[in-house]
Amino acid sequence: MKMKRYTADTMVNAMKKVREDFGDDALILSSNVVNSKGFLGLFKKKSVEVVAGYDEPVNKKIEPVHTQSSYPVEAINTSTMELKKEMDEMKKILKNIRPSIEYSRYPDEMQQLLVHLQTQGLNENSITQIGEEIYSRMKTEKNDFTNDEQREIVREILLEEIGHNPFGGISFTKKYINVLGPTGVGKTTTIAKIAARALLEKKKKIGFITTDTYRIAAIEQLRTYANLLQAPVEIVYNKTDFEAALVKFSELDLVFIDTAGRNYKETKYVEDLIRLVDFSLDMESFLVLSMTSKEEDMKTIVQQFSSFPIEKFIFTKMDETGSIGPMFNLIREFNLGVAYLTDGQEVPEDITEADAEKLISMLLKDPRYA
């Protein structure tokens with residue numbers, strides 16, 4: 001097989017180059033959006049990189065088979081296995097990029113938009129639906145929409161899909177704010193940010209309860225934040241401790257509950273937390289996820305916490321990712337909204353209340369014009 005790498009400003013132009021060299025029988029082996037380095041790391045430009053291949057017809061004369069081969073049987077078997085492995089890898093690549101190749105039937109500007117959504121990690125089915133909707137409107141109105149017009153259509157589609165979900169921070173109508181999540185997602189820091197905003201901006205009397213008695217560092221971190229905010233904190237080990245803390249905090253406006261990050265796929269931990277925390281209280285529950293996690297891992301985490309009455313997501317480490325498509329995938333799949341986004345360690349600065357339209361704007365933001 002002959003193979004060649006192509007780089008172009010759009011997928012359409014890359015495909016034109018492939019056809020010129022290999023014709024319509026070419027195989028697209030890989031397709032990626034890449035960034036040029038630019039001068040001193042500045043003025044980066046996106047381009048499309050395609051690796052194409054072509055199987056040449058085999059017209060070689062077939063030699064007679066000799067009973068005695070000059071090649072060891074082991075060498076032949078090894079070569080065959082390596083070839084099979086290469087073919088299997090090629091099939092996987094083709095399977096992964098097939099949706100991108102289908103974009104070639106759309107106009108140039110539209111392809112760029114769909115590739116952008118793909119780069120952002122938006123679900124491929126969603127991208128296909130978006131592509132078909134835009135293309136259908138183009139044919140109906142007999143008009144090639146501009147890039148801005150196409151993005152506005154995407155905005156309408158996504159807003160219709162997720163706009164009914166609840167967005168925004170704590171309601172201030174419920175006393176107990178329960179924050180759930182695995183270890184390492186910034187749960188305790190996020191609680192401190194929300195609590196600090198409530199204290200400084202809403203003048204609420206606040207307190208903290210932690211059930212995370214498994215990690216000394218987590219307790220000390222929460223104590224540090226509590227001291228800075230001049231707020232009381234209670235460490236609870238059992239149901240009796242929890243009930244005692246509720247009595248102590250009866251005069252407070254808001255009580256933030258920091259739960260332990262455990263593997264809640266195990267029934268034991270689910271039952272332990274349900275016994276410890278009274279979810280029938282006047283309570284709002286949020287699930288914290290890190291945007292640096294893989295989408296499949298985040299889905300697993302959501303399923304682990306499915307036994308709890310979660311109302312909204314909180315997504316942390318927004319500043320450490322370049323793709324927010326998985327966030328939209330999770331919102332749609334689990335039909336939950338988003339309370340907050342965090343993008344740093346500063347308390348209380350690095351936190352923003354989530355808004356559906358703002359999230360869509362973030363998804364559609366073209367890095368070429370950032």
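Between F328 and L122, some side-chain heavy-atom pair lies under the 4.5 Å cut-off. Counting only heavy atoms from C-beta outward, the side chains of M318 and T352 never approach each other to under 4.5 Å. Taking the side chain as every heavy atom from C-beta outward, S361 and R155 approach each other to under 4.5 Å. A 4.5 Å side-chain heavy-atom check between T189 and Y225 finds at least one atom pair inside the cut-off. N165 has its side chain within reach of N335: a pair of non-hydrogen atoms, C-beta onward, lies under 4.5 Å apart. Counting only heavy atoms from C-beta outward, the side chains of D278 and K239 approach each other to under 4.5 Å. You'll find the side chain of V179 reaches within 4.5 Å of the side chain of V288, heavy atoms only. The side-chain heavy atoms of L359 and M362, taken from C-beta on, include a pair separated by under 4.5 Å.
Atom CG of residue L276 and atom CD of residue E243 lie 10.0 Å apart, to the nearest 0.5 angstrom. The distance from the CD1 atom of I170 to the CD atom of E311 is 11.5 Å, given to the nearest 0.5 Å.
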Next item on the list: Could you walk me through whether M110 and F145 pass side-chain contact (heavy atoms from CB on, under 4.5 Å), step by step?
Entry: CA-CA 9 Å; M110 188 173 161; F145 298 130; over 6 Å; no

Next item on the list: Check step by step if salt bridge (Lys or Arg N to Asp or Glu O under 4.0 Å) holds for D148 and R151.
Entry: CA-CA 5 Å; D148 288 340; R151 287 172 184 267; 5.3 Å; no

Checklist line | I331/V338 under side-chain contact (heavy atoms from CB on, under 4.5 Å): CA gap, chis, key distance, verdict | finding: CA-CA 8 Å; I331 293 170; V338 184; 3.6 Å; yes

Note to self: Evaluate L341 against M327 for side-chain contact (heavy atoms from CB on, under 4.5 Å), listing each step before the verdict.
What the structure shows: CA-CA 11 Å; L341 307 174; M327 182 193 304; 3.9 Å; yes

Next item on the list: List the steps and the verdict of side-chain contact (heavy atoms from CB on, under 4.5 Å) for F308 and N178.
Entry: CA-CA 10 Å; F308 305 103; N178 187 33; over 6 Å; no

Margin query: Go through it in stages, so that I can follow the logic: the residues are R197 and E353, the test is salt bridge (Lys or Arg N to Asp or Glu O under 4.0 Å), and I'd like the CA-CA distance, side-chain angles, deciding distance and then a yes or no.
Written below: CA-CA 11 Å; R197 289 283 181 91; E353 285 196 29; over 6 Å; no

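The hydrophobic cluster around Y237 extends to I219, I235, counting ILVMFWY residues whose side-chain heavy atoms fall within less than 4.5 Å of a member.
Hydrophobic clustering (ILVMFWY, side-chain heavy atoms < 4.5 Å, transitive): L180 and V185 are in distinct clusters. L289 and I257 fall within the same hydrophobic cluster, where Ile, Leu, Val, Met, Phe, Trp and Tyr residues are linked whenever their side-chain heavy atoms come under 4.5 Å apart, directly or through other members. Note: the hydrophobic cluster containing M283 does not contain I194 (ILVMFWY, side chain heavy atoms under 4.5 Å, direct or indirect links). Under the 4.5 Å side-chain heavy-atom criterion for ILVMFWY residues, no single connected hydrophobic cluster contains both V236 and V233. Taking hydrophobic clusters as Ile, Leu, Val, Met, Phe, Trp and Tyr residues chained together by side-chain heavy-atom distances below 4.5 Å, F286 does not share a cluster with L336.
Considering all non-hydrogen atoms of both residues, K175 and F249 come closest at NZ-O, 2.9 Å. Contact between A196 and V347 at its shortest, heavy atoms only, is CB-CG1, 4.2 Å. In this structure, S323 and G121 approach most closely via the heavy-atom pair CB-N, 4.5 Å. In this structure, L273 and T211 approach most closely via the heavy-atom pair CD1-OG1, 4.5 Å. Closest approach of A198 to L254, counting heavy atoms only: CB-CD1, 3.7 Å. Annotation for K17 and T7: closest pair NZ-O, 2.9 Å, computed over non-hydrogen atoms.
For the residue pair N227 / R223, no side-chain donor-acceptor distance below 3.5 Å is found, with atom types taken as modelled. Judged by distance alone, the side chains of D21 and Y6 do bring a donor and an acceptor atom under 3.5 Å apart. Side chain to side chain, N147 and Q112 fail the donor-acceptor criterion of an N or O pair below 3.5 Å.
When atom types are taken as modelled, the side chain of N123 and the backbone of N329 share no donor-acceptor pair closer than 3.5 angstrom. For D350 (side chain) and T342 (main-chain N/O), no donor-acceptor pair under 3.5 Å exists by modelled atom type. Side-chain atoms of E284 come within 3.5 Å of backbone atoms of S171 as a donor-acceptor pair (strictly under, hydrogens ignored). A donor-acceptor contact shorter than 3.5 Å links the side chain of Q120 to the backbone of I324. Of the possible donor and acceptor atoms, none in the side chain of S306 sits under 3.5 Å from a partner among the backbone N and O of V302. S293 contributes a side-chain N or O that, together with a main-chain N or O of S290, makes up a donor-acceptor pair within less than 3.5 Å. A donor-acceptor pair is defined here as one N or O able to donate and one able to accept, closer than 3.5 Å; such a pair exists between the side chain of K203 and the backbone of L200.
Between Y106 and Y135, the ring planes lie perpendicular to each other; the angle is over 60°, past the 30° to 60° tilted range.
For F315, the ring-ring contact (aromatic ring centres under 6.0 Å, His included) test picks out F313, with sequence neighbours left out. Considering only residues two or more places apart in sequence or on other chains, T146 meets the side-chain hydrogen bond (donor to acceptor under 3.5 Å, both in side chains) condition with E149.
A cation-pi arrangement is not found for K193 relative to Y340, the charged atom failing to lie both closer than 6.0 Å to the ring centre and inside a 45° cone about the ring normal.
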